[in-house]
Every structure is written in C-alpha cells, then in structure tokens.
Amino acid sequence: MRMTRDLLTRLEGEVELKVFWSDGRIKDAYVVVPTYRGFENILKGRPILDALVITPRVCGICGHAHLRATVEAIEDAYRRAGRRVGITRKAEILRDVTTSLEIVQNHIRWFYLYFMPELVKLKPELKERFGPFTGSRWKEGIEASNYATKAIALIAGQWPHNSYMVPGGVTCDPMEADIRKVEALVNRVISFFEEKVVGMDWRSYLKLRGSNLLSKVIGDLGTFAEVCLENGLDIAGRSYGRFLTGGSIHPCISSGVKSKRTCEFNLSKVSELDTHSFLSRNGKGYSWSKTARYRGLPFETGPLARQIISKNPRITSLYRKFKDSVLVRVWARVDEILILSLAILEKLRRVDLSEESWVDPGVDPKKFSGKGVGVVEAARGTLIHKVRVERGRIAYYDIITPTVWNLGPRDDRYLGVVEKAMIGLTSRKIAHIVLRSFDVCSVCTSH
Amino acid sequence: MEKLNLLWIQGLTCGGNTQSLLCAEETLLNTFLKKVNLLVHPGLSLDEDLEKTVEAVLKGDVRLDILAVEGAVRERGKGLYTVLDMRFDEVLRKLCGVANYVIAVGNCAAYGNIPALKEGSVKGLQFRFTERGGFLGDGFRSKSGLPVINLTGCPVHPEWFISTVLQIASGRPPKLDSLGRPKEFYTYFTHDGCLRNQYYEWRVEAEVLGRKEGCLFYRFGCRGPMTRSSCNRILWNGVSSKTRSGQPCFGCTEFDFPRENIWETKYNMGIPAELPPGVSLRGYIMMSGVAKTFTPDRLRRRLLDEDD
Ligand code: SF4
C-alpha cells in the first residue's frame, strides 16, 4: 500500500498526516501530533491560584477559554467543599462577553488566515483575495479579528494571555465608556460580517434556510460554498455524525449530546484513554494526544456540534442535506461569528457596572483541599479541566481539549473523528481541507 | 533598499506570540509586511513553503537576515516535529548559524519558560531561566556579532517585535541590556505608567480585587516595580494592560517567570520580602510611615464617588 506523509502548518502548532492509499482512495489515516509540553505535569505541586496564569499558556488562540475552565474548576471545588461562591451578574456577563469575543476572533482568523488560503490550491484565481500575506481579505480578516481582540483588552487588559477571571468574579472595573467602545467594536464585526462574509444585512441572513443559503449568500461565505460544490466538499468530510457539547453560552450554545437522539451531557460518561498515545509507552502510540470518548464512543465537538445541538435553523437545514461535510462544518463556524456577536451586544445592554466585580470567596487557598471540574465551550468545542487540590497545592490536573475529541488517535475499536473523515477520500488536497475543516490546534491537543 | 529576509520558526510554544503579532496596530503590521520579506512563517504560510524555504536558506541560495524563533527548544529528544527529516533542534542550530540576527520571540524562546519548568532538556536560546548558556551557549553570536536578541514577555507585545525588526532594517540595530533585551523596551518598569501609581506612593493597598482603586503591590503580588517592560507605556491591543484591568503584573518579561504564589505578596516582619530595585529597607520603612500618615483622603474613596 502506498503511504504518504505530510507536515501541515498554518494552524495552531503543526500536525503530521500519515495516509495509506489503495486504488487511489484513502484506506487508513493517522493524525499525528508530534509536539508536547506536558502542562498537567507542570501544574502538579503548584499553588492552586498559579493555574490561573499557567493554563492560559496552553494555547495562544484560545487561552482565554483555558482561563475560564480553570476558574470554573476552582470555583466548583470551593462549592463542593461547602463554600458559597457568589458571582455577580456583572462578572458573569463580562466573563461571557470576553469568552465569546475570543471565539469570534478565532473564527475570523481561522477562516481568513488558516482555511481560505487552502482553497486557493483548488481555485488559483482566488489568490488575489485569499492568498496569505498579499490577499485583500487576508489583511481585512486580520483587521476584523482585531475588533474582537481589542474589545477583549478593553475588559480583560490584553489578549492573548490575561488572567482577569479569578475565583469570585473578575479583576476589572470598567467604566461605561469602555463598554460603549466594546459595543462599537462588536458592531464593526457585524458590519464586516454583512459586507464581506455574507454580502447582505444580518437580519436577512438569519432568515435564510437550506438551499436558499446556498443561492442567496454571496460574499466570502458564498465563494466558499461555490468551491465546495465544485469540489465535492459538500460530501467530503463526513465522520461519525455524533456530536457533543459540554458547555453552554446563552442563548446561542446549549449543551447536549447527539447521536440518534439528543440527550443531556453527562460528565461522568466522559473517559480518556492513552492506548495509542506515546504517553502509554506500549509501542502502539503514534501521537502525543490522548483519546477522548463519551459512553466509550468517539464524538465530534466544535461549532458544528454546538449548532446542531442548539438547533440553529440554518445549520440544521444544511445538515439535513449535506451532513457533517466540510461545507456544513465550516458554515457552522462562520455562522457563530454573527450569532455570538449579537448575543454579546444583548448582554452588554443588561450589564450593571455598579455591581461588584469580585466577591471574595473567603477561602484560604493555602489551606484548601478539594476537587472540581470546569466545562466550557472554547472556539473548537468542549474544554474540560479537572483539578484536585491538597492543602493548597495541585495534586492532579487533567485537561481534555476540544481537539483531543476531534484529532485524538484511535482506540482499539474506533478511529479518531478526523481519521474516520479521511477514509475513502481520493486526493491529498481534499484530505488536507477535510482535516483543516475541524480547525486544528495541535498545541491544545497534546498540551 | 533591499528588503530584509525574515524566517520565523516555532519550537515548543502555544503560538501566542504569533497571535500577538497579528494584534499589532494596522499601520505597524502593514509597514512590517512592506519592509520585510517574510520568507516563511509556519503559522501563516502555505504548508509546503516551510521545508522549501529552510532548504534554500541552508543551501545558501537565500540570505537569512533575521531568524525569529518562537518557543523553547527540547534538545535531542522526541516531542518536536521534524523538518527535511532533521530533528527540530538540528534544523534550528543550522539556521542560527547562518542568520545575521537571531531574535527570541517571547519568554519560551528566551528563557525556556513554562515548557522548561520540569524538563532540564528544554531550554531557551541563550538562557534556561536564570542560567546562562541555553541551547546555543553563552558565547553564541549571530553573524552580525550580536547575541540573541531577547524579546521577552509571555507573549511579547507586537510593537516591541516589529519596532526591533524595523530598527534592524534601517541599519540601527537595538542596544541590548545584560540579558540581551533591547534597552528601549526593557528600561522602564511595568509600574511606569500604571494608573495606580498614586496608590503605590501613598501606600494605599487594594484590599479586594475588581476595583480601579488601590495598588496591587501590597497584597496581590504585583511585580510591576521590579519587572522591566513597556506594558503601561505601549498599551496592549492599543488600549489597556494587566494592571489597568486590575490584574497584578505577573512579571512575564523576566527570566524567573512564572514564579510560585503568583497572586500574593510575601512579607517578612511586616515588610514586603522583595523591594523594588534600589529601594533600601530603611528608606522603605521611613517612606511608608510618612505616606501612611499623610495619605490624601480622596485616595481612600472610590474614584467615581468623588464629589470635588
Ligand atoms: S499595581 Fe503594580 S504596577 Fe501598578 S502602581 Fe501598583 S505596583 Fe505599580
């Protein structure tokens, strides 16, 4: 059998794709994460609050989600130990706003810097618009993503890598003027979405369903859809069709698990294996990533999973026809740019800055023992942090990133989610696009 | 003038310095892209460009003016990717050998940082935390004669990076401090320009988090007065900084980052265990006494509640 091996960059980190071909089709595929840093081990033994500064550094593009997962894990531990952790409405809103902004930022950068340049390989005339460094949208995409990063900084001090969420609330104390500026920036994201991404006003876009989305949406998303239909990307990319969302962001993301039916997400059904990870040292390992399973089965997480579980009418109507193909997976991600932005504006209208930002949870972190879990939605899907603290120090820390669900290696029975999506593809270019449609972040995957 | 060729390569990193670079103010980023020929950036270029470019540079077909390294290096080990069938550390060593300037972008590349905390074989380019040497050795000099230019910070501020590159492009390479950092960006302290300076001077400590008022040095471990950075001079994302949003400075531009017990100030017999550089114990005690006695009343109230 012929084997090919490609190093993929232009994503967060790098991955190797090892593929076995037979009769011009992919017979088997291995997604290899070649790099690791060992965060769980690094955290062990450290004072618990140090995690607030260390875990964001797992990832340069979704570090804020890691911060939130850490905060929620610690708060959960405090609560389980019988402490009342009171978070004001204001702190809750600000946390939600910056977490959502990070997702918005990610989706814009991903679409314009990581994903669309790949389509230029299928359609060279797109280079002027989407080529790296020189393409017009490449630059505009960066600019638009920075409306979101600047908005985060107005609340959280800086992006990337702040630690403004702490057990009990947030450290910042913004003024009305800051909030108005954040609103203005989010409005610019929405204008960008209207003008460049879908080529229509957002209200009209929200009303579209099914084939109307394909025929009416112009802009860059329209161009993307065109290339999909021309190249079979409305079919390629299908995996197990099982979806998982552990966290929620009101009102656009609700948690749940969908295989045949949609049920509630139950944390106790999540398991982690390392049978095919280098970590197990059993000789079968081929990646530094672990494997995540729900009820023992592989599940896809991320925007597609979220929008199907949350019954987004645009995405479900596309899904009915095109399933979990590249077309729908990418569309779901791009759709979130708008719906999260609208939700942010709605939340900012309700924020009352006279409330406290922080309520002391009244725990002496030096003496604290207990354990807790934080489950949040990051740009790429469900992110889980688990912590056990003994007399103020971290005795155990476990991180399951979204990309462990999607890019993690196989187990003895099932291929990984991305690996499954590779089977049967007939070209290397398409295989790369399918892999990229999951929004690859190898630094999170192995962490 | 001919454009400078810059090659960016990534070791053990979260990619945060790349994301930070993309946050640069538009004018700066555009100037950077105009003045510099970005040969390859693994986070931004097409996949195939990485190996092609590295090969051309190593063969001597393409001149390498600036090598920008993001991330720490793991020596001789597994756990990093390969380029042209060479281990990452081998490729990196070769590239450093032909580059005119080598820039360590961010604390991982400079000092090893988080990935190095528990692994002795993980290093920064010329340091491993406080230890000199690192991956390249203390004596390393790039072809220009300069040691590695350390642009520290976790992440580095995009303006510090772009300005340094533009200085090199205009033929005026930066003057470095004893830790290899351009003096211009690492002469000030984070403390300089912090909006809480008055509270610091009058010894008004922040007793809680989440407020504009009070200095974070006395309780919450702010490293602002002993951390060299321009964070409060050249604001983050053009608008703010950690201390402006109520976080203590964590000292992420220094080689001992991340320290233990980040959120708290250590005291010895009522005096902060570590005083800002140049401040004597006696001086501190005397100043404190005076400051506490004469603290202006308005500094004890909430800012927006002030009536005058
Ligand atoms: S908060 Fe930190 S940086 Fe600001 S004045 Fe106090 S010590 Fe200085």
Side-chain angles (χ1 to χ4, degrees), chain A residues 6-10 12-14 16 34-39 41-42 46-47 49-50 52-54 57-61 63 109 113 117 132-133 139 142-143 145-146 149-150 152-164 166 168-173 278 288 356-358 360 432 443, chain B residues 10 12-20 22-23 26 29-30 33 38 42-47 50-51 72 78-83 113-115 117-119 122 154-155 208-213 231 235-247 250 252 258 260-264 304:
Chain A
D6 298 318
L7 177 69
L8 271 74
T9 59
R10 210 178 72 263
E12 280 296 297
E14 54 287 312
E16 276 169 26
T35 306
Y36 84 97
R37 289 164 294 159
F39 267 78
N41 187 37
I42 287 164
R46 298 212 42 134
L49 294 185
D50 285 9
L52 299 169
V53 176
I54 292 179
R57 269 91 183 164
V58 166
C59 181
I61 200 162
R109 284 195 182 171
L113 303 188
F133 306 118
K139 289 184 189 144
I142 293 179
E143 207 184 316
S145 73
N146 282 334
T149 57
K150 200 183 274 267
I152 299 175
L154 281 163
I155 297 171
Q158 70 177 81
W159 189 91
H161 292 348
N162 62 70
S163 302
Y164 98 110
V166 287
V170 292
T171 62
C172 65
D173 183 14
F278 287 132
W288 284 105
E356 290 294 346
S357 296
W358 183 70
D360 191 342
H432 291 180
V443 303
Chain B
Q10 293 176 320
L12 296 169
T13 173
C14 68
N17 295 289
T18 294
Q19 293 305 327
S20 182
L22 295 173
C23 292
E26 212 193 317
L29 191 61
N30 283 334
L33 291 171
L38 197 45
L44 303 169
S45 306
L46 298 177
D47 308 309
L50 178 63
E51 298 210 317
K78 264 192 159 186
L80 254 171
Y81 59 102
T82 52
V83 183
N113 198 9
I114 293 173
L117 279 173
K118 290 212 173 152
E119 261 188 79
V122 174
C154 187
V208 295
L209 292 170
R211 294 204 175 165
K212 285 183 271 298
E213 301 83 2
C231 289
L235 295 180
W236 283 88
N237 308 84
V239 293
S240 191
S241 72
K242 288 210 188 67
T243 61
R244 289 180 185 213
S245 60
Q247 300 158 72
F250 304 128
C252 77
E260 278 215 351
N261 283 315
I262 297 173
W263 292 84
E264 96 180 40
L304 294 180

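Residue numbers begin at 1 in each chain, while the letters A, B, ... track the order of the sequences.
When the candidates A:Asn146, A:Asp50, A:Asn41 are compared by the number of heavy-atom contacts under 4.5 Å with chain B, A:Asp50 comes out ahead. For the set A:Val58, A:Ile142, A:Ile61, the count of heavy-atom pairs under 4.5 angstrom toward chain B peaks at A:Ile61. Looking only at heavy-atom pairs under 4.5 Å with chain A, the residue among B:Ala72, B:Ser240, B:Cys231, B:Cys252 that has the most is B:Ser240. Ranked by heavy-atom pairs shorter than 4.5 Å toward chain B, the options A:Ile42, A:Thr149, A:Val170 are led by A:Ile42. By number of non-hydrogen pairs under 4.5 angstrom with chain B, the leading residue of A:Lys150, A:Lys139, A:Glu16 is A:Lys150. Ranking B:Gly15, B:Pro258, B:Gly238, B:Pro42 against chain A, the residue ahead of the rest is B:Pro42, based on heavy-atom pairs under 4.5 Å. When each of B:Pro115, B:Ser20, B:Ser241, B:Cys23 is scored by its heavy-atom pairs under 4.5 Å with chain A, the top score falls to B:Cys23.
With a 4.5 angstrom heavy-atom cutoff, B:Asn30 touches chain A only via side-chain atoms. Heavy atoms closer than 4.5 Å to chain A are found in both the backbone and the side chain of B:Val208. Of the two parts of B:Leu29, only the side chain, counted from C-beta on, holds a non-hydrogen atom closer than 4.5 Å to a non-hydrogen atom of chain A. For a residue to count as touching a neighbouring chain, one of its non-hydrogen atoms must lie under 4.5 Å from one of that chain's; by this rule B:Leu33 touches chain A with the side chain only. Proximity to chain B is limited to the backbone of A:Ile155, based on heavy atoms less than 4.5 angstrom apart.
Residues A:Phe133 and B:Ser45 meet the side-chain proximity criterion, which asks for heavy atoms closer than 4.5 Å. Side-chain contact between B:Asp47 and A:Asp6: absent, with no pair of heavy atoms (C-beta onward) separated by less than 4.5 Å. Two residues are said to be in side-chain contact when any heavy atoms from C-beta on lie closer than 4.5 Å; B:Leu44 and A:Leu113 meet this criterion. The side-chain heavy atoms of B:Glu119 and A:Arg37, taken from C-beta on, include no pair separated by under 4.5 Å. Here the side chains of B:Lys212 and A:Ser357 are not in contact, with every heavy-atom distance at 4.5 Å or above. Here the side chains of B:Glu260 and A:Pro47 are in contact, with some heavy-atom distance below 4.5 Å. Between B:Leu22 and A:Ser145 there is no side-chain heavy-atom pair separated by less than 4.5 Å. For the pair A:Leu7/B:Leu50, a side-chain contact is recorded, criterion being any heavy-atom separation below 4.5 Å from C-beta on.
The side chain to side chain contact (heavy atoms under 4.5 Å, CB included) with B:Gln247 is formed by just one residue from the set A:Leu52, A:Val53, A:Asn162; it is A:Asn162.
For the atom pair CG (A:Leu154) and CZ (B:Arg244), the distance works out to 12.0 Å, reported to the nearest 0.5 Å. Here the CH2 atom belonging to B:Trp263 is positioned 6.0 Å from the OG1 atom belonging to A:Thr171, to the nearest 0.5 angstrom.
A salt bridge between A:Asp173 and B:Arg211 is absent, with no side-chain N of the basic residue lying under 4.0 Å from a carboxylate O of the acidic one.
Closest non-hydrogen pair, B:Leu117 versus A:Arg46, comes out as CD1-NH1, 3.8 Å. Across A:Val443 and B:Thr13, no two heavy atoms sit closer than the pair CG1-O, 3.2 Å. Smallest separation of non-hydrogen atoms from B:Leu12 and A:Thr35: CD2-CG2, 3.4 Å. In this structure, B:Pro155 and A:Pro160 approach most closely via the heavy-atom pair CD-O, 3.7 Å. In this structure, B:Ile114 and A:Arg57 approach most closely via the heavy-atom pair CD1-CB, 3.6 Å. Of all the heavy atoms in B:Cys14 and A:His161, the pair that sits closest is SG-NE2, 3.3 Å.
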Side chain to side chain contact (heavy atoms under 4.5 Å, CB included) between A:Tyr164 and B:Lys242, intermediate numbers included: CA-CA 8 Å; A:Tyr164 98 110; B:Lys242 288 210 188 67; over 6 Å; no
